[in-house]
Asker: 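Take this structure, written in structure tokens, and hold onto it; I'll ask about it next.
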Amino acid sequence: MSVKYIIGFSIFLIVLVACNIYFYYNLTSVNKHVILSAPRKVEATSSVHKDIIDHVYNLPNEYKVKNPNFTPLQRNLVQSFNASVINNLKSVWNYVDEWADDESLFPHKDGAPGQILQAMRASQIALVDNAPKGTQLKLLLLLEGKQKLLFKPKRYNLTHIINGHIYAGFDRHNSEVFAYYLAMVLNFKWVAPVITRRINIDQEIMRLATPGLKKTMVKNEGGRLCIYGKCYYCKINETVCPDSNGELEGAAILYLDKQFRIHKSPWRRSYNSKKMEWEKDNDF
Ligand SMILES: Nc1ncnc2c1ncn2[C@@H]1O[C@H](COP(=O)(O)OP(=O)(O)OP(=O)(O)O)[C@@H](O)[C@H]1O
Ligand SMILES: [Mn+2]
């Protein structure tokens, strides 16, 4: 027997043993973790945070190992947010406006999301008005080039905790931004692009405000101009005021000027004491 043959056979044996150990380990670890603890009813208290962390910690191993198929998808998604230089804002808006596709409400391919987000950040505002639809204060920004954005102003800092019942407090502007990126990760292609934008109360709001919007602005004790707006829950004593730089931060959402059929969400909240199906049925 030649030395070459012995070395080759030894390598083959080592690889075989290593493969066995690998498969044995994987099989046993999957079996060990496959039984998830039965769904527990989670109490809506401060321990919810801890419950979530505990649950994630106890997930079966297959959820902790990143699927290699995911890496190129992740890379493409991150790249699609790349805001490359835009030469012609108008062509970006036309592209969005004329978009018609069975799969998505907005262009999603070839770096379009990054272009749209950047155009939303960079476009000059031409006119600002109240946007009275819905329950919360929001403004309508008309951009140069005629694209519209909804602007939902910041009410709380990111770490602020709202205590009280489920619908206590105002909606949070950050949640609009999170919703957009989460939708993109989940491949839900019907959520409007959102960015955060800071706008100057004098230069970009007062100077460009419609008379109707000006009527819903008041000065606070500090002499700053604040907005209470026009909406279902808007009250004159619940204003948003600019920060020390004279700016309002908010979520700016791409406005879709189209008519849609409305489908009520089965997960919507109840507006009275009656619980919704999803609140009563753990298997909903
Ligand atoms: N991106 C958008 N483009 C066009 N219209 C929109 C957009 N976002 C919201 N709208 C319209 O404005 C309405 C109110 O929007 P939204 O639900 O975001 O406001 P809200 O103040 O949070 O109200 P609610 O408490 O009812 O959810 C929607 O029902 C829809 O008709
Ligand atoms: Mn809402």
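On a predicted model such as this, the values are computed, not experimentally measured, just so you know. When a ligand or atom number is given, it counts from 1 through the structure's own listing order.
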Asker: For the pair W267 and W278, name the ring-plane relationship: parallel under 30°, tilted 30 to 60°, perpendicular over 60°.
Answerer: tilted

Asker: Salt bridge check, E277 against K280: does any charged N sit closer than 4.0 Å to a carboxylate O?
Answerer: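 The answer is yes: the pair qualifies as a salt bridge.
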
Asker: So, do I116 and P107 sit near enough that their side-chain heavy atoms are less than 4.5 Å apart?
Answerer: yes

Asker: Could you give all pairs that pass the salt bridge (charged side-chain N to carboxylate O under 4.0 Å, His left out) test and reach residues 172-188, with sequence neighbours left out?
Answerer: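 Residue pairs with at least one partner in residues 172-188: K152-E176.
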
Asker: Between ligand 1 and the protein, which N/O pairs are shorter than 3.5 Å?
Answerer:
residue, atom, partner, partner atom, Å
ligand 1, 1 (N), L254, O, 2.9
ligand 1, 3 (N), L256, N, 2.9
ligand 1, 18 (O), K152, NZ, 2.5
ligand 1, 19 (O), K138, NZ, 3.2
ligand 1, 21 (O), T135, N, 3.0
ligand 1, 21 (O), Q136, N, 2.8
ligand 1, 21 (O), K138, NZ, 2.7
ligand 1, 22 (O), D171, OD2, 3.3
ligand 1, 23 (O), T135, N, 3.1
ligand 1, 25 (O), T135, OG1, 2.5

Asker: Pairs in or reaching into residues 239-253: which pass salt bridge (charged side-chain N to carboxylate O under 4.0 Å, His left out), with residues at least two apart or in two chains?
Answerer: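 For residues 239-253: R198-D243, R198-E247, R198-E249.
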
Asker: What residue pairs, at least two apart or across chains, pass salt bridge (charged side-chain N to carboxylate O under 4.0 Å, His left out) with a residue in residues 95-107?
Answerer: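 Residue pairs with at least one partner in residues 95-107: E103-K189.
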
